[in-house]
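One structure below.
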Amino acid sequence: MRKTKITKSILNIWNMSEDTMIDNLEQTLEIQSVSGNEERMNTFIIEKIKYDNEDVTIVTEQQAGGTNIYVTKGKADVYPCVVAHTDTVHDFVKGYCVRRLGNNFYAMDSTKMEQVGVGGDDKVGIWAALECIKKFDNIKAAFFHSEERGCVGSKAATPEFFQNVGYILQTDRRGNDDFVTKIGGVNLMSKKFKKAVKPLLDKHGFEFQDNGGLTDVKALKPISNVCVTNISSGYYRPHSDQEYVNITDAMNTLSLMMGIIEKLGETKYEHKYQEPVYSYGDISYGGYNVYGQRSLFPKSFNDGIEDVGTKQEEIFDDYDHIHNVDWHTNLFKDSWGYLNPVYSDTF
């Protein structure tokens with residue numbers, strides 16, 4: 001596993017101590033927020049922004065059966081934008097508590113003395129967005145509900161909010177080195193954007209990844225028409241009771257995001273959304289034609305909505321998988337609970 005040391009010079013640029021940022025991360029991880037019951041996290045986000053910032057406008061919208069939060073700080077013609085989702089897959093635990101072991105945060109059910117999921121997916125993203133809001137004078141942010149149910153909140157997002165954003169950053173992905181350029185056949189960014197961020201990726205140990213999983217920035221792409229990305233967050237074993245967050249990796253991701261915003265500033269990186277082109281064939285199951293899909297995934301497909309914790313080859317032409325496909329939303333739910341896009345443009 002790659003290790004990255006957060007230098008004092010970086011911390012000085014941020015004007016805050018490493019301990020403060022780590023404490024803020026722990027505080028965010030302590031809030032439970034399963035999909036459909038995200039009120040505590042919404043309250044935490046709003047109160048935290050109000051406490052840490054001035055000249056900020058917070059708007060809550062009831063959209064698609066839940067609450068989306070839109071934040072504007074400062075005044076600019078073009079804003080950098082960060083987004084995150086407020087839900088996790090983990091059920092509420094009565095004795096929930098967050099503990100630190102070495103360089104990692106994990107969670108426990110203190111009543112049963114058992115490890116439970118810490119919800120780094122996407123509490124790390126929430127923490128990173130809050131730190132970016134605090135850092136920059138002019139910035140926009142959005143927090144969406146029910147991403148784990150298929151990007152429900154972001155699919156209902158207010159288009160007008162994103163008309164004056166220059167680019168959108170999200171960190172909602174396992175691991176420590178992916179900078180996603182493509183999700184489900186949709187190109188997320190321009191060559192100009194890639195060229196601008198490449199030196200920062202090299203500095204922080206990240207690489208371009210064109211096999212990204214479904215998350216909010218994909219839903220925002222058609223309404224924003226700017227460069228967007230999803231970045232590894234430093235959480236591991238997501239959607240399981242063994243989930244944990246590596247502090248160094250999370251801090252390195254935050255450093256990358258802040259570095260990008262500092263470098264790109266209030267500049268618009270336009271990139272028009274284009275519908276992906278899919279290949280089709282015939283699959284029949286139980287005597288029925290399944291809408292002419294050729295297969296669920298490429299046979300070498302190694303990535304779910306945010307990876308499945310271990311890299312492994314899966315054969316998705318097996319008809320048993322069709323039981324778990326919601327053909328109305330084109331999402332496939334695997335045994336880990338991940339929602340995956342049914343189609344791919346590469347077979």
Side-chain angles (χ1 to χ4, degrees), residues 1-4 6 17-48 66 84-131 143 145-149 171-176 213 215 232-254 304-312 324 333-339:
M1 182 183 298
R2 172 183 55 77
K3 296 295 183 182
T4 303
I6 305 300
S17 71
E18 181 177 3
D19 288 342
T20 298
M21 288 184 288
I22 294 173
D23 288 346
N24 291 341
L25 175 58
E26 182 176 12
Q27 186 180 22
T28 307
L29 293 173
E30 288 173 347
I31 309 299
Q32 297 186 80
S33 60
V34 67
S35 297
N37 195 347
E38 303 159 47
E39 292 81 5
R40 286 185 60 200
M41 183 60 79
N42 293 340
T43 299
F44 170 79
I45 290 170
I46 292 170
E47 290 182 350
K48 186 72 172 172
H85 65 83
T86 53
D87 64 323
T88 74
V89 301
H90 302 293
D91 290 332
F92 276 81
V93 173
K94 184 177 180 180
Y96 180 85
C97 57
V98 175
R99 294 290 181 263
R100 179 175 178 175
L101 181 63
N103 199 37
N104 299 312
F105 282 124
Y106 67 99
M108 292 287 294
D109 179 346
S110 61
T111 61
K112 298 181 178 179
M113 295 304 295
E114 296 176 349
Q115 186 177 355
V116 296
V118 72
D121 174 8
D122 186 32
K123 297 178 191 176
V124 173
I126 293 171
W127 164 75
L130 292 173
E131 296 292 341
F143 302 87
H145 73 90
S146 306
E147 185 270 354
E148 301 291 1
R149 294 180 174 180
T171 175
D172 179 29
R173 185 173 175 86
R174 70 176 291 274
N176 61 9
T215 193
S232 289
S233 306
Y235 61 69
Y236 298 86
R237 300 176 185 171
H239 293 208
S240 75
D241 287 339
Q242 290 72 46
E243 182 186 17
Y244 66 94
V245 173
N246 181 272
I247 296 169
T248 298
D249 291 345
M251 294 275 283
N252 190 48
T253 293
L254 178 59
I305 187 169
E306 285 141 320
D307 298 325
V308 295
T310 58
K311 293 291 186 182
Q312 58 184 349
N324 293 325
K333 195 169 192 177
D334 64 21
S335 59
W336 285 64
Y338 290 91
L339 293 173

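Side-chain atoms are counted along with the backbone in the values below, which use heavy atoms only and exclude waters and symmetry mates.
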Kindly determine whether Tyr236 and Asp249 satisfy side-chain hydrogen bond (donor to acceptor under 3.5 Å, both in side chains), including the steps that lead there. CA-CA 10 Å; Tyr236 298 86; Asp249 291 345; 2.5 Å; yes

Dump the intermediate steps for side-chain hydrogen bond (donor to acceptor under 3.5 Å, both in side chains) on Glu38 and Thr86, then the final yes or no. CA-CA 6 Å; Glu38 303 159 47; Thr86 53; 2.5 Å; yes

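Listed for the Trp127 side chain is a donor-acceptor partner under 3.5 Å among the backbone atoms of Met21. Ser35 places no side-chain N or O within 3.5 Å of a backbone atom of Asp87 that could act as its donor or acceptor partner. A donor-acceptor pair is defined here as one N or O able to donate and one able to accept, closer than 3.5 Å; no such pair exists between the side chain of Asp109 and the backbone of Val93. Side chain of Ser240 to main chain of Gln242: a donor-acceptor pair is present (N/O by atom type, distance under 3.5 Å, no hydrogens or angles). Side chain of Tyr96 to backbone of Val118: a donor-acceptor contact under 3.5 angstrom is found. The backbone N or O of Gly234 lies less than 3.5 Å from no partner atom in the side chain of Asn246, so there is not a single donor-acceptor pair.
Between Lys123 and Thr88, the closest side-chain pair of non-hydrogen atoms falls below 4.5 Å. In this structure, Ile126 and Ile45 have side chains that are in contact, with non-hydrogen atoms separated by less than 4.5 Å.
Results of the side-chain hydrogen bond (donor to acceptor under 3.5 Å, both in side chains) test with Thr215 over Asp122, Thr171, Asp172 single out Asp172 as the only residue that passes. When each of His239, Gln32, Glu243 is paired with His90, the side-chain hydrogen bond (donor to acceptor under 3.5 Å, both in side chains) condition holds for Glu243 and for no other.
Closest non-hydrogen pair, Ala128 versus Leu254, comes out as O-CD1, 3.8 Å.
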